[in-house]
There are 2 protein chains.
Amino acid sequence: MARVIIDPRSDRPVYKQVADDLRRRITSGEFAPGDSIPSEKEMEGYYGVGRTTARQSVALLRAEGLVITEHGRGTYVRPRLPVRRLSGERYRADRDQIGDGQPPATSFTKDQGIGWSEYRLDRTFTEIPATPELAELLAVPEGTPILERRFTFHTVDGPQQMSTSCYPLELVAGTPVADPANEPWPGGNLAQLATLGITVTKVTERVRARMPMPDEMAALDIPAGVPVITVTRVMLAGERPVEAAVDIVIPADRVELNYTIDLD
Amino acid sequence: MARVIIDPRSDRPVYKQVADDLRRRITSGEFAPGDSIPSEKEMEGYYGVGRTTARQSVALLRAEGLVITEHGRGTYVRPRLPVRRLSGERYRADRDQIGDGQPPATSFTKDQGIGWSEYRLDRTFTEIPATPELAELLAVPEGTPILERRFTFHTVDGPQQMSTSCYPLELVAGTPVADPANEPWPGGNLAQLATLGITVTKVTERVRARMPMPDEMAALDIPAGVPVITVTRVMLAGERPVEAAVDIVIPADRVELNYTIDLD
DNA sequence: CAGTGGTCTAGACCACGCT
DNA sequence: GCGTGGTCTAGACCACTGT
């Protein structure tokens with residue numbers, strides 16, 4: 001009987017002791033990513049605890065992002081997904097590509113190293129008045145007409161990110177840029193702005209992380225215990241903000257952001 | 001009786017319906033950050049559910065980072081903490097300050113806008129052989145002697161971040177830099193390297209997010225439902241890596257990272 | 001069908017914070 | 001002392017996945 005490892009009289013709650021043991025067995029490699037861990041029934045016998053307590057242990061490991069549960073199948077060590085490297089340098093590559101006659105490749109496709117046909121894009125375009133946040137980012141008065149464009153990007157690996165990108169309406173009204181049918185636009189935002197005669201000279205990104213909202217978990221297929229990274233991006237032409245992406249939302253289990261700061 | 005909002009025969013589990021209602025009341029502002037939400041006993045009566053179900057709803061909101069529970073006191077909408085802006089530009093400021101005779105201020109203090117005396121630093125220095133990861137980051141053979149320095153930074157607001165910063169031992173052996181007693185070093189890493197005759201010309205940062213490990217939750221005082229942002233940083237002099245911070249760990253509820261990409 | 005995790009109840013006892 | 005959340009049990013029934 002291995003239940004000796006659990007001490008019911010310890011100050012540490014039984015469910016945490018059980019979780020500690022499972023965590024150790026996971027991080028030590030005894031259970032590898034994708035492996036199943038013992039069923040709740042097995043834990044009852046092995047650790048000598050009730051089912052509720054066993055479930056509480058699993059819930060803890062789930063919140064830590066260590067395991068996922070699949071109804072009717074079992075509990076598994078969370079598999080590692082392929083990580084997409086999103087580099088700040090991609091904007092430079094986009095700029096350099098503008099008008100060079102190459103086949104279309106947006107930042108998104110180049111980040112993946114995937115071809116044009118392998119991704120899908122859902123989009124919704126709406127005209128809205130500038131919210132206080134948008135007004136500040138775009139340096140326009142509150143209420144200024146804005147073209148809000150919501151995107152969801154998919155690859156063969158499933159949904160990858162959501163974003164909301166906004167242009168001041170006066171920049172794009174009546175141009176092909178305002179037509180959702182033209183998405184995905186070859187060359188991305190920078191090429192799009194270039195057709196309007198606008199040269200982006202600077203991009204700022206503000207990075208945060210938080211737990212996803214329920215609708216984001218559903219839309220992006222995010223398992224329990226996995227946070228999202230959010231990016232607020234502003235593109236500037238000189239000192240003038242020309243685009244603001246208020247909420248780029250990316251599941252943190254499939255992305256890493258890379259930045260370079262030059263000091264010379 | 002307000003319990004009409006719960007439909008026990010719905011496909012949606014009761015505890016999720018309860019959580020939905022509480023979430024709505026939180027995001028709508030009915031419960032503001034810092035406010036207490038109804039006790040488990042009150043939920044039993046108000047929603048007509050058992051205590052276990054009420055607790056399950058609270059557990060869900062906790063995992064989402066919306067509420068925190070305090071034993072013996074109650075359940076509260078998670079208060080917002082002051083956000084520290086960590087800009088990539090801080091390295092430029094550090095560089096510009098080297099040797100200018102100003103009072104000591106490291107990146108960390110400038111980020112805060114706080115004074116020298118308001119932060120505390122725990123550090124442990126160890127000599128280790130380069131792990132495969134360190135070897136790659138520092139472009140040295142595996143096993144190369146490394147000075148590993150572990151830090152924990154505190155302000156009056158509590159612990160703020162942990163980091164592990166590594167120098168190739170040959171760069172720093174026998175110099176004041178290798179002495180923990182000299183930390184915190186006025187001017188930070190860049191000034192430290194400058195005393196060795198090394199001019200850092202480039203910094204790369206790799207940003208990720210994940211849920212904290214139990215020891216990190218304890219050391220950094222992280223509530224349930226709050227992820228950590230991790231940064232892997234490399235400082236380069238020309239093409240030569242001179243410092244690698246393998247794991248900068250920052251609770252995501254008190255930081256935001258800012259980056260600028262110049263395209264001209 | 002058997003085995004798995006998901007939902008829910010009723011109840012007991014404990015630990016903590018406040019008054 | 002009283003109200004709060006924390007731990008734990010035994011048991012029932014449901015829903016899903018596999019054979």
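Chain naming here is simple, since letters A, B, ... match the order of the sequence lines and numbering starts at 1 in each.
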*asked:* Going by centres under 5.5 angstrom and planes under 30 degrees, do the aromatic ring of His71(B) and the base ring of dG17(C) stack?
replied: no
_Judged by each residue's nearest nucleotide on DNA chain C, which is more toward the 5′ side, Gly72(A) or Arg51(A)?_
Gly72(A)
_Short N-O contact, Arg12(A) and Asp20(A), less than 4.0 angstrom_ = yes
_Under the side-chain hydrogen bond (donor to acceptor under 3.5 Å, both in side chains) test against Thr69(A), which residue among Arg55(A), Glu40(A), Arg62(A) passes?_
Arg62(A)
_Distance in angstrom units between Glu70(A) CD and dG5(C) P, rounded_ = 11 Å
_Side-chain donor or acceptor of Arg25(B) paired with backbone N/O of Glu30(B) under 3.5 Å_ = no
*To the nearest 0.5 angstrom, please state how far the CZ atom of Arg84(A) sits from the CD1 atom of Ile250(A).*
5.5 Å
*Using a cut-off of 4.0 Å on non-hydrogen atoms, how would the nucleic acid contact of Thr52(B) be classed: base, sugar-phosphate, or nothing?*
base
*Does Arg73(A) or Val49(A) map to a spot on DNA chain D nearer the 5' end, using the closest nucleotide for each?*
Val49(A)
*Could you give the CD1-to-P distance, from Ile37(A) to dT4(C), as a whole number of Å?*
13 Å
*asked:* Please tell me if Thr75(A) has a side-chain N or O lying less than 4.0 Å from either OP1 or OP2 of dG5(C).
replied: yes
*asked:* Less than 4.0 angstrom from a charged side-chain N to a carboxylate O is my criterion; do Glu256(B) and Arg208(A) meet it?
replied: yes
*Scan Val58(B) against the nucleic acid and name what it touches under 4.0 Å (heavy atoms): base, sugar-phosphate only, or nothing.*
nothing
*Heavy-atom contact window of chain A on DNA chain D, given 5' to 3' at under 4.0 Å*: dT7(D) to dG18(D)
*Could you check whether the rings of Phe151(B) and Phe125(B) sit parallel, tilted or perpendicular, using 30° and 60° as the cut-offs?*
perpendicular
*Name the residue closer to the 5' end of DNA chain C, choosing between Asp11(A) and Gly74(A) according to the nucleotide with the nearest heavy atom.*
Gly74(A)
